[in-house]
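Down below is the structure, laid out as structure tokens.
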Amino acid sequence: MTEYQLKGTAAALVGLFAGKIHQHGMYDSEGAAFYHSFTLRDNAEVEELLNAAEGRPGPVLELCCGSGRLTLPLLANGFEVVGLDNSPSMLEILDERMREPENQEYASRLSTVEGDMTDFSLDSRFGLIVLGATAVWNLTQKQRAELFRCVREHLAEDGRFLLTVLDIAGFESAPAAFEYTSVFPTKDDRSPVLCTFIDRIEPDGLRSTSILANRLQNGEVVDTALYTAWTHLAPLDALEKELAAEGLKLNTQRELVNRHQITRSSSARRRLLLEVTL
């Protein structure tokens with residue numbers, strides 16, 4: 001499933017269930033539907049990204065568009081959107097959403113591309129390129145360089161590249177990995193689900209975000225699955241140098257306030273919106 005190995009609480013839970021647990025990537029064919037239901041009502045970043053996009057010329061290129069958490073608000077605000085994602089399962093969900101009656105009026109302003117955000121060529125330049133959900137950390141340093149090269153090649157001369165990042169102070173100097181866990185109930189169109197959220201960060205910046213989902217029927221657990229995403233954090237000053245190496249300039253950064261944000265302290269873990277230009 002991945003070259004990385006679970007550690008800490010997530011690994012212990014897999015062992016505890018003695019093989020009676022389904023493991024999935026967060027965005028694969030099994031994980032996509034769960035991730036969509038999990039984030040369906042999550043409006044983190046949306047207002048701030050729309051404010052930053054206001055007045056910018058379209059169309060918008062949205063990288064890692066997924067099932068449309070940011071896509072639909074962009075469309076509702078009048079933008080034409082090209083949505084790119086490498087998960088066909090996510091794009092299928094987005095396509096289904098566009099056929100819903102309340103979204104059909106926007107369908108003609110959306111085109112989707114199944115592709116890799118580190119290697120794409122659309123033969124077009126965009127006044128606005130958006131990468132939300134701190135998805136830049138889905139990439140290794142080498143992959144980020146390839147992403148930024150593609151962004152430079154597709155950004156209009158006066159365009160803006162808006163991306164959100166997670167800025168975690170001091171992880172690179174921490175003597176050991178640290179974890180945060182929380183437990184909460186949720187539900188989707190199938191059943192109630194008891195979720196255990198496990199966020200683990202290694203000193204080298206490798207981050208695993210896992211959700212242990214216990215699906216319930218009549219008060220009994222009928223299925224258990226673990227969904228995991230791997231990300232690669234870097235200090236913000238290092239990211240700025242990576243952008244500059246590919247001909248991009250970090251113009252502004254602002255902190256995003258998210259009432260669902262998980263923090264160890266008020267300054268230890270911040271979500272930032274970056275505005276980047278040529």
Side-chain angles (χ1 to χ4, degrees), residues 4 25-27 31-32 35-36 38-53 61-71 73-74 83-87 90 116-118 128-141 143-148 150-151 160-172 178-180 182 197-202 204-211 227-240 242-243 248 250 252-264 267-276:
Y4 306 112
M26 196 75 77
Y27 316 114
Y35 180 81
H36 170 65
F38 181 74
T39 60
L40 184 59
R41 287 171 289 278
D42 180 7
N43 61 3
E45 311 174 343
V46 174
E47 183 178 354
E48 292 91 345
L49 279 166
L50 291 177
N51 287 339
L61 171 60
E62 184 190 357
L63 303 174
C64 213
C65 65
S67 59
R69 190 179 69 88
L70 297 177
T71 315
L74 284 166
L84 183 144
D85 202 286
N86 67 351
S87 169
M90 284 292 189
D116 185 340
M117 66 177 170
T118 70
L128 193 62
I129 300 178
V130 174
L131 177 59
T134 69
V136 69
W137 298 137
N138 293 359
L139 308 174
T140 64
Q141 181 178 349
Q143 291 170 327
R144 290 195 297 269
E146 294 166 348
L147 161 69
F148 297 151
C150 285
V151 167
R160 297 292 184 271
F161 175 34
L162 303 178
L163 68 158
T164 57
V165 300
L166 195 65
D167 181 31
I168 300 180
F171 73 85
E172 69 277 16
F178 59 87
E179 285 190 351
Y180 180 94
S182 63
F197 177 87
I198 308 150
D199 189 10
R200 179 182 176 90
I201 300 174
E202 307 291 339
D204 64 359
L206 181 63
R207 179 191 188 203
S208 61
T209 305
S210 298
I211 301 174
Y227 304 94
T228 301
W230 299 89
T231 50
H232 308 267
L233 302 177
L236 190 58
D237 58 350
L239 183 67
E240 185 171 4
E242 292 176 17
L243 287 162
L248 297 171
L250 175 58
T252 62
Q253 65 182 64
R254 67 195 75 169
E255 186 167 358
L256 302 178
V257 178
N258 178 6
R259 62 188 178 89
H260 299 296
Q261 189 174 27
I262 301 167
T263 59
R264 299 178 73 209
S267 61
R269 187 175 302 209
R270 302 184 302 155
R271 188 182 294 254
L272 303 174
L273 172 61
L274 309 183
E275 184 179 280
V276 175

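Quick note: residue numbers are just sequence positions, from 1.
- Contacts of Tyr35 classified as ring pair (Phe, Tyr, Trp, His ring centres under 6.0 Å), with partners at least two apart in sequence or in another chain: Tyr27.
- The side chain to side chain donor-acceptor pair (under 3.5 Å) test applied to Glu275 returns Arg160, not counting sequence neighbours.
- The side-chain contact (heavy atoms from CB on, under 4.5 Å) test applied to Thr140 returns Tyr4, Lys142, Gln143, His232, not counting sequence neighbours.
- Of the inter-residue distances, the one linking Leu74 atom CG with Leu49 atom CG reads 7.5 Å to the nearest 0.5 angstrom.
- The minimum heavy-atom distance between Val276 and Leu243, with the atom names listed, is CG2-CD1, 4.0 Å.
- One distance of note links CG of Leu274 with CG of Leu131; it measures 10.0 Å at 0.5 Å rounding.
- When all heavy atoms of Leu162 and Ala53 are compared, the closest pair comes out as CD1-N, 4.2 Å.
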- prompt: Could you go step by step and tell me if Gln253 and Leu236 meet the side chain to side chain contact (heavy atoms under 4.5 Å, CB included) rule?
  reply: CA-CA 10 Å; Gln253 65 182 64; Leu236 190 58; 3.3 Å; yes
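- Applying the side-chain contact (heavy atoms from CB on, under 4.5 Å) test to Glu202 and every residue at least two apart in sequence or in another chain returns Lys7, Ala177, Arg200, Asp204, Leu206.
- The distance from the CD1 atom of Ile201 to the CD atom of Glu179 is 10.0 Å, given to the nearest 0.5 Å.
- In this structure, Arg69 and Ala44 approach most closely via the heavy-atom pair NH1-O, 2.7 Å.
- Annotation: side-chain contact (heavy atoms from CB on, under 4.5 Å) contacts of Thr231 (sequence neighbours excluded): Trp137, Asn138, Arg207.
- For the pair Asp85/Glu62, no side-chain contact is recorded, criterion being any heavy-atom separation below 4.5 Å from C-beta on.
- Atom CG in Asp167 sits 9.5 Å away from atom CG in Leu233 (nearest 0.5 Å).
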field: Full working for side chain to side chain contact (heavy atoms under 4.5 Å, CB included) between Phe197 and Thr209
entry: CA-CA 8 Å; Phe197 177 87; Thr209 305; 3.5 Å; yes
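- Shortest non-hydrogen contact noted between Leu70 and Gly132 is CD1-CA, 3.8 Å.
- Here the closest non-hydrogen pair linking Val151 and Ile129 is O-CD1, 3.9 Å.
- In this structure Ser87 satisfies the side chain to side chain donor-acceptor pair (under 3.5 Å) test with no other residue, sequence neighbours excluded.
- Here the side chains of Phe148 and Leu139 are not in contact, with every heavy-atom distance at 4.5 Å or above.
- When Val165, Leu272, Thr164 are each tested for a side-chain contact (heavy atoms from CB on, under 4.5 Å) with Leu256, only one passes: Thr164.
- Distance check: Glu240 CD to Leu248 CG gives 11.5 Å after rounding to the nearest 0.5 Å.
- In plain terms, the two heavy atoms of Met117 and Cys64 that are nearest each other are SD-CB, 4.3 Å.
- Glu242 meets the salt bridge (charged side-chain N to carboxylate O under 4.0 Å, His left out) test with Arg144; sequence neighbours excluded.
- Taking Glu47 as the reference, Asn51 meet the side-chain contact (heavy atoms from CB on, under 4.5 Å) condition, with sequence neighbours excluded.
- Residues that satisfy the side chain to side chain donor-acceptor pair (under 3.5 Å) test with Ser208, not counting sequence neighbours, are absent from this structure.
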